[in-house]
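Contents: one structure, followed by commentary.
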Amino acid sequence: GGINGGLSVYAAAVSSRQREANKLLSIHDAMHRAPIATAKTSVNGDWIITGCVDSTVRVWRYDENKMMLSATLTGHDGWPIKAVDLSEECGVIATACEQGRVLLWDLRTLTYVRSLREGSYNNAYGSVAVAINHRTGSILVLVGPELTLFDINGNMLASHSFSATTDVPTCAIATDCPEWMEHGAVAVTGHLSGEVRLWSIDFDESRLRLRHTIDENP
């Protein structure tokens, strides 16, 4: 998103509908009244979620290169949106703001469901991320030094707290691995050091356990 409150849509890969990857499909201006801070598409590209610096989240239907507004979601009380994700399979939208508040929404009814996390947190850490497991609907939340995995009903499954500022992830994504797999990686984090870390769940202690580290220079 630029200062015009819009975004450009590209074909991410070759498909039956798109014969050329990285091709510019469409340009859309004035989607928000302020710059867009973050955006995410559904796997099939039919939905686009945009988060704005003015704290609003908008839900769009994307069809034949046309952007159609379905809803404007509010609930972050003026804090800039830092991360959004959605799962059409599970019918869930997750949004997170700079304050650290994380909210869940129903993609089908476009209504508020629950708060996963309230603000605030230590802004010195900075990073905020949300990611949904499309198979189970679980939601991975990174807010500053806290990495937490919730189930689709908002119950905490496991968490990990990073003690050193230099060790805190700059990004985090959920995998589609089922949580019950003992050695399955349910989360992946990226770090300033260049490390990529894979995490699984220790159900006995309700915590995320580090399973593997990929160094920048293996």
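Throughout, residue positions are numbered sequentially from 1 according to the sequence presented.
Ion pairing of Asp176 with Arg135 is absent here, as no side-chain N (NZ or NE/NH1/NH2) approaches a carboxylate O to less than 4.0 Å.
Under the side chain to side chain donor-acceptor pair (under 3.5 Å) rule, Ser200 has a single partner from Arg209, Arg211, His212, which is Arg211. Partner of Phe150 under the side chain to side chain contact (heavy atoms under 4.5 Å, CB included) criterion, chosen from Leu140, Asn155, Val141, Leu157: Val141.
Linking ILVMFWY residues whenever their side-chain heavy atoms come closer than 4.5 Å, directly or via other members, leaves Ile49 and Leu69 in distinct clusters. Under a hydrophobic-cluster definition in which Ile, Leu, Val, Met, Phe, Trp and Tyr are linked whenever side-chain heavy atoms come within less than 4.5 Å, directly or via other members, Leu104 and Val143 are assigned to the same cluster.
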If you apply the rule side chain to side chain contact (heavy atoms under 4.5 Å, CB included), what do you find for Met31 with Ile36, and how did you get there? CA-CA 8 Å; Met31 296 171 65; Ile36 293 173; 4.3 Å; yes
Could you go through Leu198 and Val196, starting from their C-alpha distance and side-chain angles, then the distance that decides it, and tell me whether this counts as side chain to side chain contact (heavy atoms under 4.5 Å, CB included)? CA-CA 7 Å; Leu198 280 62; Val196 175; 4.3 Å; yes
CA sep, side-chain torsions, deciding dist, call: Val84, Ile93, side chain to side chain contact (heavy atoms under 4.5 Å, CB included): CA-CA 7 Å; Val84 296; Ile93 300 170; 5.7 Å; no
Test side chain to side chain contact (heavy atoms under 4.5 Å, CB included) on Val59 and Leu73 and set out the steps. CA-CA 8 Å; Val59 184; Leu73 309 178; 3.9 Å; yes
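Hydrophobic cluster of Tyr10: the remaining members, joined at side-chain heavy-atom separations below 4.5 Å, are Leu24, Ile27, listed by chain and number.
Qualifying side chain to side chain donor-acceptor pair (under 3.5 Å) partners for Glu195, counting only residues two or more places apart in sequence or in other chains: Arg197. With sequence neighbours left out, the ring pair (Phe, Tyr, Trp, His ring centres under 6.0 Å) criterion links Tyr112 to Trp105. By the salt bridge (Lys or Arg N to Asp or Glu O under 4.0 Å) test, Asp85 is found to be paired with Lys40, residues two or more places apart in sequence or in another chain being considered. In this view, Glu64 satisfies the side chain to side chain donor-acceptor pair (under 3.5 Å) rule with no residue, not counting sequence neighbours. For Thr56, the side-chain contact (heavy atoms from CB on, under 4.5 Å) partners two or more places apart in sequence, or in a different chain, are His32, Cys52, Asp54, Thr72, Thr74. Not counting sequence neighbours, the partners of Ile152 by the side-chain contact (heavy atoms from CB on, under 4.5 Å) test are Cys90, Val92. Residues satisfying the ring pair (Phe, Tyr, Trp, His ring centres under 6.0 Å) test with His160, not counting sequence neighbours, are Phe162, Trp199. Partners of Asn22 under the side-chain contact (heavy atoms from CB on, under 4.5 Å) rule, at least two apart in sequence or in another chain, do not exist in this structure. Take Arg61 and apply the salt bridge (Lys or Arg N to Asp or Glu O under 4.0 Å) test, not counting sequence neighbours, and it matches no residue. Applying the side-chain contact (heavy atoms from CB on, under 4.5 Å) test to Thr41 and every residue at least two apart in sequence or in another chain returns Ile48.
Contact check for His76 versus Ile81: side-chain heavy atoms found under the 4.5 Å cut-off. Looking at heavy atoms from C-beta onward, Trp60 lies out of side-chain contact with Met68 at the 4.5 angstrom threshold. Side-chain contact between Leu7 and Val9 is present, with at least one heavy-atom pair separated by less than 4.5 Å. Proximity of Val128 to Glu98: side-chain heavy atoms (C-beta onward) are nowhere separated by under 4.5 Å. Using a 4.5 Å heavy-atom cutoff, the side chains of His134 and Val43 are in contact.
Between the side chains of Tyr62 and Ser26, at least one donor N or O lies within less than 3.5 Å of an accepting N or O.
Residues Gly184 and Cys177 come closest through the heavy atom pair CA-SG, 3.5 Å. Closest non-hydrogen pair, Gly154 versus Arg114, comes out as CA-CD, 3.8 Å. What you find for Ala94 and Ile139 is that their closest heavy atoms are CB-CG2, 4.3 Å. Here the closest heavy-atom approach between residue Ala37 and residue Val53 is recorded as CB-CG1, 4.0 Å. Closest non-hydrogen pair, Ser42 versus Asn44, comes out as OG-OD1, 2.8 Å. Across all their heavy atoms, Ala158 and Ile201 have their closest contact at CB-CG2, 4.0 Å.
Between the CE atom in Met156 and the OG atom in Ser138 there is a gap of 13.5 Å [rounded to 0.5 Å].
The salt bridge (Lys or Arg N to Asp or Glu O under 4.0 Å) analysis of residues 69-81, with sequence neighbours excluded, yields the pairs Asp77-Arg101.
Asn133 places no side-chain N or O within donor-acceptor distance of the main-chain N or O of Val186, the cut-off being under 3.5 Å. A donor-acceptor pair under 3.5 Å is formed between the side chain of His191 and the backbone N or O of Asp167.
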